[in-house]
Amino acid sequence: MYKVLLCWRYLRTRYLAMVCIVSVMLGVATLIVVNSVMSGFSTKLRERLHGLLSDVIIESYDYNGFHDPEGKMALIRSDPFLAERIEAMTPTLEIFAMLQYTYNHAPFARPIRLIGIEPEGRARVGGFAEHIVHQRGRPTFKLDEDGQRRYDDIRRWHVANEPAPVPQPLAPGERPPPDPPPSRELVPECVILGHAIAHYRDRSKGPDDPEREKCTLHPGDDVIITTIGGQRLQPVYARFIVCDYFRSEMSEYDSNYVFVPLAYLQKLRTMEGRVTSIQVKLKDQRDTKVVKERLRALFGPARMEVLSWEDKQGPLLAAISIEKGILNVLLFMIIAVAGFGILAIFSMIVFEKTRDIGIMKALGASNAGVLKIFLGYGLLLGLIGAMLGSGLGVGITVYINEIEHFLTKMTGQEIFPRDVYYFKEIPTDIQPLSVLLVNVGAVGIAVVFSILPALRAALLHPVRALRYE
C-alpha cells in the first residue's frame, strides 16, 4: 500500500513530472490523429478506386483493342464455373483525346480520357450510376428539359445570327437554280463530362462561399472532341452536347474522364465490333483470384490480360501503406523523447530522495519494494499521459474538419485544398486496435525508461544513503 501512496504523492508534488505527462500525451495524440487520417485516406481511396474499377478487367495490350466482345462475354457465360461467380459484364472502349470548347468567347483545350460505354451495362457493373450528378441511378446519354431548352436557345441564336446567302446575279437567259431539298438536321451525340472539367474554383472567393465553384460548360453546351482512329492512327473529331456530369469526388478522375456512347465512339474511330476492355463484376470478391486464373486459361495466349482492380492500382495503394509505416516510425520518436525526459527526471528524483530511500530501507523496505515504487511511478505517468493523449487525439480526429475550417478562416489559407486532394473533406477512420497499440507502446516506453533509475534506487545501500545525515 505504501508504494501506491508514494507514487501518488510524487505525482502530485513533482510538477516536473507534468512535462513527461504532456510529452506522452502529445505523442499519443499525434500518432492517433495521423493514423486515423492515413487510414481514412487509405480506406476511402480503396473504396473509390474499387467503385470506379470493376472487380476484374479483361483489357487489350494497346488502344487497337480486341474484336467480338459479345462473343467473348457469351463464352464466359457458357462456362459453369464462371457463370455462377460473375454477376455482370460490360464492354468499354478507352482512348486519349483532346476536348475543345468556348467559354466567355475564348477557346479552351485540354487532354482527356475518352471512354465509350453502354450506360445500362456500366451501371450494372457499378461505380458509375451513383456518381452521375443529374441522372443519378439512371444514367442515359440524353438531355433533360433544362439542357434541351439551353441547346434549343443556342441553336436558335446561331440560326438568327447566321448571315443570309447573297444571291448571285443570273446571266441573260439563265434560269434560277431549283430550291435545294430539305436537309435533315444532324443532332450531335451527348457526352457526360467529368465534373472538374466543366467546373473550376474561384480562388478569389472565401472558402465557404457557395458561389466559389464556377461552371464553364452547362448541359446543352457543345464541345468538340478530337482523337485518333483507323489503323494509321489518323485524327478524327466530332461535336458533342454536354448532358450530365460525372462526380466521383476524386480529382484524378473528375478532371480527366469523359463518357460517350460506345457504338458512336466505335464508329468514329472505325473500330466497329472492337473494344479495349471488358469490365467484370463478381458476386463475391473473395473469388477474384480463382476467376482471374480461369479467365486466363479460357482465353489462352490472346492479346489480352486479366487484372483485378488491386493489380491496376497496386503501386498507389502500396505507396500509401509505406508512407503510413514511415510516419508511424518517425512520430513514435516523439514518445521516445518523452521517455528520455522520464529517465532524466527519475534520475533527479533518485538523487534528491537518497535520504528517504535510506530511511525506508532502514525501516524494512526491500529492494524489490523500492524498485516497484519507481516502476509504478513510471507506469502511472505513462497511463495518465496515454489516457489524456487518447482523449485529445480522438477529439481532434472527430472534429478535424471543423478545426480545418476554423484554421482556414483564421489564416485565410486553405489547409486542405479540395482541388489538390481527392476528397471534399478530410477522411478519418479511427481504428480501436491502432489506438490500443499506440497506448501500449507509450506506457511501455514510460516503464522501460524508468527501469534504470529504479534499479539505482533499489540497489542503494541504506548505510551509504544515511552516512552524511
Side-chain angles (χ1 to χ4, degrees), residues 51-76 86 88-100 110-129 131-132 139-142 188-194 197 223-246 248 252-281 295 299 302-307 309 311-312:
L52 294 170
L53 297 172
S54 58
D55 298 323
V56 178
I57 304 100
I58 306 170
E59 63 179 9
S60 63
Y61 289 112
D62 53 33
Y63 289 112
N64 289 325
F66 51 83
H67 68 283
D68 192 22
E70 296 297 334
K72 289 178 172 56
M73 289 190 292
L75 180 62
I76 294 172
I86 292 177
M89 293 182 288
T90 186
T92 60
L93 177 59
E94 185 172 345
I95 187 65
F96 289 102
M98 183 69 69
L99 178 75
Q100 297 172 273
R110 61 182 301 164
I112 58 169
R113 293 181 72 91
L114 187 63
I115 305 174
I117 62 168
E118 296 172 348
E120 296 83 4
R122 188 65 183 84
R124 287 194 297 269
V125 171
F128 178 72
H131 299 309
I132 301 301
T140 61
F141 287 108
K142 294 181 180 179
E189 292 286 342
C190 289
V191 62
I192 298 176
L193 294 182
I197 298 176
V223 297
I224 296 176
I225 297 178
T226 305
T227 184
I228 54 174
Q231 295 295 326
R232 298 184 179 180
L233 303 182
Q234 297 176 341
V236 294
Y237 68 93
R239 189 164 69 95
F240 293 86
I241 303 299
V242 177
C243 67
D244 214 325
Y245 308 116
F246 175 81
S248 65
E252 181 181 353
Y253 295 94
D254 293 347
S255 61
N256 289 289
Y257 278 17
V258 173
F259 299 91
V260 297
L262 174 61
Y264 186 79
L265 184 57
Q266 289 174 325
K267 181 180 178 181
L268 180 66
R269 295 195 59 209
T270 63
M271 288 182 59
E272 289 85 350
R274 300 180 69 89
V275 298
T276 55
S277 66
I278 296 175
Q279 310 283 331
V280 180
K281 182 180 181 181
L295 287 171
F299 292 112
R303 292 178 56 83
M304 298 181 298
E305 57 182 344
V306 181
L307 302 171
W309 74 273
D311 294 333
K312 291 183 70 67

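We're numbering straight along the sequence, starting at 1. Predicted model, so just to flag it, every value in this text is computed and none were measured.
In plain terms, the two heavy atoms of Ser54 and Val125 that are nearest each other are CB-CG1, 3.5 Å. Residues Tyr257 and Ile197 come closest through the heavy atom pair O-CD1, 3.7 Å. The two atoms that bring Val275 and Pro69 nearest to each other are CG2-CB, 3.6 Å, heavy atoms only. When all heavy atoms of Ile225 and Ala97 are compared, the closest pair comes out as CG2-CB, 3.9 Å. Across all non-hydrogen atoms, the minimal contact from Thr140 to Cys243 is O-SG, 4.0 Å. Thr92 and Ile117 get closest at one heavy-atom pair: CG2-CG2, 4.0 Å.
A heavy-atom distance below 4.5 Å is not found between the side chains of Pro139 and Asp244. Counting only heavy atoms from C-beta outward, the side chains of Lys142 and Cys190 never approach each other to under 4.5 Å. Put simply, the side chain of Gln279 reaches to within 4.5 Å of the side chain of Ile57, judged on heavy atoms. Within the 4.5 Å cutoff, the side chain of Leu307 has heavy atoms near those of the Glu59 side chain. By the 4.5 Å heavy-atom criterion applied to side chains, Thr270 and Val236 are not counted as neighbours. Counting heavy atoms from C-beta outward, Arg113 and Phe96 have side chains that approach closer than 4.5 Å. For the pair Gln266 and Arg274, the minimum side-chain heavy-atom distance is 4.5 Å or more.
Under a 3.5 Å cut-off, the side chain of Asp254 and the backbone N or O of Ser248 do form a donor-acceptor pair. The closest donor-acceptor contact from the side chain of Tyr245 to the backbone of Gly194 lies at 3.5 Å or more, if one exists at all. Here the side chain of Lys72 pairs a donor or acceptor atom with the backbone of His67 at under 3.5 angstrom.
Summarising the geometry, atom CG belonging to Leu53 is positioned 5.0 Å from atom OH belonging to Tyr253; distances are rounded to the nearest 0.5 Å. Note that the CE atom of Met271 and the OG1 atom of Thr276 stand 7.0 Å from one another [nearest 0.5 Å]. Met73 contributes atom CE, which lies 9.0 Å from atom CG of Asp68 (distance to the nearest 0.5 angstrom). Taking CD1 of Ile86 as the reference point, atom CG of Asp55 lies at 10.0 Å (rounded to 0.5 Å). Interatomic distance, CD1 of Ile224 versus CZ of Phe240, reported as 10.5 Å (0.5 Å rounding). One distance of note links CE of Met89 with NZ of Lys281; it measures 13.5 Å at 0.5 Å rounding.
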>> Run the side chain to side chain contact (heavy atoms under 4.5 Å, CB included) test on Thr226 and Gln100 for me, step by step, so that the C-alpha distance in whole Å, both residues' side-chain angles and the decisive distance to 0.1 Å come before the verdict.
In response: CA-CA 8 Å; Thr226 305; Gln100 297 172 273; 3.5 Å; yes
> Checking side chain to side chain contact (heavy atoms under 4.5 Å, CB included) for the pair Ile112/Asn256: CA distance, chi angles, key distance, verdict?
Replying inline: CA-CA 5 Å; Ile112 58 169; Asn256 289 289; 5.7 Å; no
>> Using ring-ring contact (aromatic ring centres under 6.0 Å, His included), reason through Tyr264 and Phe141 one step at a time and then give a plain yes or no.
In response: CA-CA 11 Å; Tyr264 186 79; Phe141 287 108; over 10 Å; no
>> Would Arg122 and Ile115 count as a side chain to side chain contact (heavy atoms under 4.5 Å, CB included) here? Give the steps.
In response: CA-CA 11 Å; Arg122 188 65 183 84; Ile115 305 174; over 6 Å; no
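When each of Leu114, Leu268, Ile192, Thr227 is tested with Val260 by the rule side chain to side chain contact (heavy atoms under 4.5 Å, CB included), just one qualifies, namely Leu114.
Other residues, nucleotides and ligands place no more than 12 heavy atoms under 6.0 Å from the OH atom of Tyr237.
You'll find the ring centres of Phe128 and Phe259 inside the 6.0 Å limit.
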